[in-house]
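First the structure, in the form of structure tokens, and then the observations on it.
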Number of protein chains: 2
Amino acid sequence: MTMGIRSARPPQPTLEMVAAAAGVSRATVSRVVNGSPKVRQEVVDSVNAAIEQLNYVPNRAARSLASHHTQSVALVVPEDMTKFFGDPYFAAVVQGITQRLDESDYTLNLLVASSDPRHKTMRYLRSGNVDGAIVISHHTGDDFVANLETTMPVVFGGRPTNHSGPDNYFVDVDNVAGAISGVQHLINLGRHRIGTITGPVDMPAGIDRLNGFRHALAAAGLESDAVEHADFTAAGAAAATRRLLEHSPHVDALFVASDLMAVGTMGVLAEQGRSVPGDIAVVSFDDSPAATSGPISLTTVSQPSKEMGFAMADLLLRLLAGDETVPHHNFMPTRLVFRDSA
Amino acid sequence: MTMGIRSARPPQPTLEMVAAAAGVSRATVSRVVNGSPKVRQEVVDSVNAAIEQLNYVPNRAARSLASHHTQSVALVVPEDMTKFFGDPYFAAVVQGITQRLDESDYTLNLLVASSDPRHKTMRYLRSGNVDGAIVISHHTGDDFVANLETTMPVVFGGRPTNHSGPDNYFVDVDNVAGAISGVQHLINLGRHRIGTITGPVDMPAGIDRLNGFRHALAAAGLESDAVEHADFTAAGAAAATRRLLEHSPHVDALFVASDLMAVGTMGVLAEQGRSVPGDIAVVSFDDSPAATSGPISLTTVSQPSKEMGFAMADLLLRLLAGDETVPHHNFMPTRLVFRDSA
DNA sequence: TTCAAACGTGAGAGCGCTCTCATCAATCAC
DNA sequence: GTGATTGATGAGAGCGCTCTCACGTTTGAA
């Protein structure tokens with residue numbers, strides 16, 4: 001590794017230099033920096049003055065090496081970049097997480113682990129870069145995170161798939177119940193030929209919402225084979241909707257497993273001249289900004305995405321603080337929001 | 001800090017342990033791990049076997065403390081979360097950056113530095129967490145990154161604002177020329193009452209595109225006071241469009257400074273019963289997925305966002321490698337893409 | 001007044017790695 | 001065969017911090 005640019009930079013001041021400037025020992029400066037109460041105010045002040053004057057910032061690597069923690073946590077998203085950026089659900093969750101973290105002195109490391117270098121992600125995680133991790137958008141088969149839990153505290157956003165024991169920590173909503181409430185509303189509206197565009201069936205959220213759909217129909221003595229799978233993207237849902245309409249042209253209502261997907265669905269419906277909610281009533285899931293972005297606002301099962309992010313971070317922070325009393329599961333409420341599409 | 005959970009975790013194996021297991025010295029293991037050519041193949045193999053067996057992963061903090069580099073770079077976005085996630089432009093840039101980084105052994109740290117804890121972001125950067133930084137979506141007044149350049153190599157996505165010297169590194173497109181080509185197209189179409197929805201005027205991209213608009217008009221002997229400022233969001237653009245239509249109801253064309261904003265504009269136009277491109281022709285900027293997401297596809301000034309991200313990362317990596325010969329500026333080409341809106 | 005407790009501070013040993021040297025063996029030219 | 005060169009390895013000194021102790025000083029109770 002050539003030096004070039006790098007060595008031209010002025011060296012950062014060290015604890016040692018601050019100590020010398022303030023006329024105290026390293027240990028004392030360390031105490032001041034870490035807010036230890038057992039330093040005389042007078043000394044605290046002079047040390048702070050020295051810190052200020054030298055523009056000192058503690059070196060993370062050294063601190064972390066000595067103390068065995070890093071004051072940062074990872075957000076692992078086993079999803080590709082486009083999907084991650086495309087869905088406002090993630091934006092809300094990340095927002096909630098950072099909001100909680102901003103109150104602490106932890107920082108966030110976002111790892112969007114698209115297919116290729118998962119290996120690299122694991123290395124990163126395991127080489128002591130973070131004290132804990134939050135994993136969201138977790139698919140079956142993403143067991144690459146499984147052994148992560150043996151290394152550090154992990155909180156899942158959404159119930160993790162089977163591979164993990166019952167002692168996992170996670171924040172979720174009751175997707176089954178949420179879906180039931182949405183489909184029930186469709187039924188109450190007098191619709192009886194109800195179809196659904198599902199999420200990926202390798203994700204608990206996808207499976208559970210589909211199960212909720214089936215439960216609600218069964219409870220009403222209805223059934224449906226108008227079921228098409230998609231991938232939580234608008235484009236995927238659009239394609240699925242086309243397939244569904246092809247095979248089941250007579251549906252009068254659609255339960256779509258996410259707002260973003262519903263946007264794709266609405267596009268296809270408009271394109272085919274089906275009016276919403278006239279011809280086809282639509283209920284979706286999330287209540288993200290996508291629900292109100294289109295010409296027809298979506299009736300949707302609202303989940304508190306931002307609060308969920310906040311709760312995930314909060315849970316992790318408490319785990320990190322050694323709090324043994326935290327409950328493993330945190331189910332947050334869903335609520336049906338009535339708008340124009342159904 | 002209580003121990004609780006943390007101390008329950010099994011300790012990670014160290015270099016020392018690998019050395020012992022392989023019957024060599026620490027130095028030799030270090031050489032193997034870092035791919036030094038001067039170790040006998042036989043020894044390399046036995047060390048690798050030991051690494052494998054112990055499931056060893058080098059400790060980043062220790063490595064970074066000893067070597068003075070971290071093998072990671074930061075992406076700093078002085079923007080709020082919602083804006084960042086909402087704009088597909090960022091998604092493309094980030095994608096390009098990670099693509100380049102995946103080829104290297106650097107990792108990315110995403111810092112979305114919304115208003116509040118900029119201070120925290122600076123601390124993070126300055127405490128030696130990263131070897132270099134990429135700064136995008138840079139506003140005037142974001143001089144909080146200014147002194148960052150004295151600490152580490154920095155590459156800007158988009159020409160930085162004045163505060164920084166001419167020796168900054170950046171990747172950009174010629175926004176003025178791009179805007180001119182777009183507006184010129186509108187003029188060629190025979191439109192003469194052309195308005196514009198601008199980006200933020202505290203951002204070079206906002207200013208330059210507005211300047212391009214003015215230049216193109218002036219060159220054609222036209223002028224316009226139908227200029228409304230927005231903030232690179234769909235909602236902001238929608239509001240701006242309403243204001244514009246109010247004051248200048250007779251415009252027959254609109255140059256909108258980003259695709260995402262054009263989505264907002266198109267919504268308002270549809271709502272007010274103005275046909276596109278019939279009543280009003282629209283040209284926007286970016287050529288992001290947003291350009292083709294609506295019912296009417298957008299004619300837009302295409303900029304190679306993903307490639308730009310790639311170029312930013314590439315530039316930074318070369319700087320980090322001590323390459324003194326890299327050019328400071330990398331202007332990438334724009335190109336007008338013809339679709340339905342104009 | 002005397003001794004113990006409490007308090008504030010410093011000395012120094014590590015944390016897990018990198019990297020410069022020194023060392024020793026094998027190779028080479030003459 | 002001799003001295004010089006090359007090559008592979010190990011020893012050991014840090015990197016900048018934290019944290020345990022030990023130490024000296026102040027305080028308070030008896």
Side-chain angles (χ1 to χ4, degrees), chain A residues 1-3 6-7 9 11-47 50-51 54-71 105 123 126-129 131, chain B residues 1-3 6-7 9 11-47 50-51 54-71 105 123 126-129 131:
Chain A
M1 185 65 50
T2 140
M3 279 295 99
R6 195 134 63 219
S7 59
R9 311 270 159 186
Q12 293 282 340
T14 70
L15 237 210
E16 188 91 46
M17 297 164 66
V18 174
V24 298
S25 72
R26 281 204 317 277
T28 298
V29 177
S30 176
R31 289 190 187 97
V32 172
V33 168
N34 294 295
S36 160
K38 41 177 68 177
V39 183
R40 261 185 314 150
Q41 188 55 45
E42 196 181 321
V43 177
V44 171
D45 292 342
S46 79
V47 169
I51 288 178
L54 293 176
N55 198 11
Y56 168 75
V57 176
N59 178 305
R60 275 279 199 126
R63 193 199 281 243
S64 138
L65 179 58
S67 69
H68 293 287
H69 58 245
T70 64
Q71 295 298 93
D105 38 37
R123 272 186 82 78
R126 287 208 38 220
S127 44
N129 277 290
D131 295 340
Chain B
M1 183 67 50
T2 138
M3 280 296 99
R6 196 131 64 218
S7 60
R9 310 271 159 185
Q12 293 283 339
T14 70
L15 237 209
E16 188 91 46
M17 295 163 69
V18 174
V24 296
S25 71
R26 282 206 314 281
T28 298
V29 177
S30 176
R31 288 188 187 98
V32 172
V33 168
N34 294 294
S36 159
K38 43 176 67 174
V39 182
R40 261 185 314 151
Q41 188 54 45
E42 195 183 321
V43 177
V44 171
D45 292 342
S46 79
V47 168
I51 289 179
L54 293 177
N55 199 11
Y56 168 75
V57 176
N59 178 305
R60 274 279 197 125
R63 193 200 281 245
S64 138
L65 179 58
S67 68
H68 293 286
H69 58 245
T70 63
Q71 297 297 90
D105 37 38
R123 273 186 80 79
R126 286 207 40 219
S127 45
N129 277 290
D131 295 340

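Reminder, nothing fancy here: chain letters follow the sequence lines and each chain counts from 1.
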What is the first contacted nucleotide of DNA chain D and what is the last, in 5' to 3' order, if contact means an atom lying under 4.0 angstrom from a heavy atom of chain A?
D:dG16 to D:dT20
Take B:Arg126 and A:Asn55 through the test side-chain contact (heavy atoms from CB on, under 4.5 Å) and record every step on the way to the result.
CA-CA 10 Å; B:Arg126 286 207 40 219; A:Asn55 198 11; 3.1 Å; yes
Might you point out which heavy atoms bring A:Ser64 and A:Thr70 nearest each other, and give the distance in Å?
OG-CG2, 3.8 Å
Dump the pairs, protein N or O against N or O of nucleotides 5-8 of chain C, anything under 3.5 Å, distances to one decimal.
none

Ranking B:Gly23 and B:Ala66 by the position along DNA chain D of their nearest nucleotide, the one closer to 5' is B:Gly23
At what distance, to the nearest 0.5 angstrom, does OG1 of A:Thr14 lie from CD of A:Gln12?
10.5 Å
Atom CG of A:Leu15 and atom C1' of C:dG10 are separated, to the nearest Å, by 14 Å
Comparing nearest nucleotides in DNA chain C, the 5'-proximal residue of the pair B:Arg31, B:Pro58 is B:Pro58
Exercise answer: donor-acceptor pairs, residues 26-33 of chain A side-chain atoms, under 3.5 Å, sequence neighbours excluded:
unit_1, atom_1, unit_2, atom_2, d
A:Thr28, OG1, A:Ser25, OG, 3.4
A:Ser30, OG, A:Asn34, ND2, 3.4

Interatomic distance, B:Gln71 atom CD to B:Asp105 atom CG [nearest 0.5 angstrom]
5.0 Å
Taking all non-hydrogen atoms of both residues, which atom of A:Tyr56 and which atom of A:Leu15 are closest, and how far apart?
CE1-N, 3.4 Å
Separation of A:Asn59 CG from B:Asn129 CG (nearest 0.5 Å):
8.5 Å
Using a heavy-atom cut-off of 4.0 Å across all strands, would you classify B:Arg26 as base, sugar-phosphate, or nothing?
base
Taking every non-hydrogen atom, the tightest pair across A:Pro58 and B:Ser127:
O-CB, 3.0 Å
Quick one: label A:Val33 by what it contacts on the DNA or RNA (base, sugar-phosphate, nothing), any heavy atom closer than 4.0 Å.
nothing
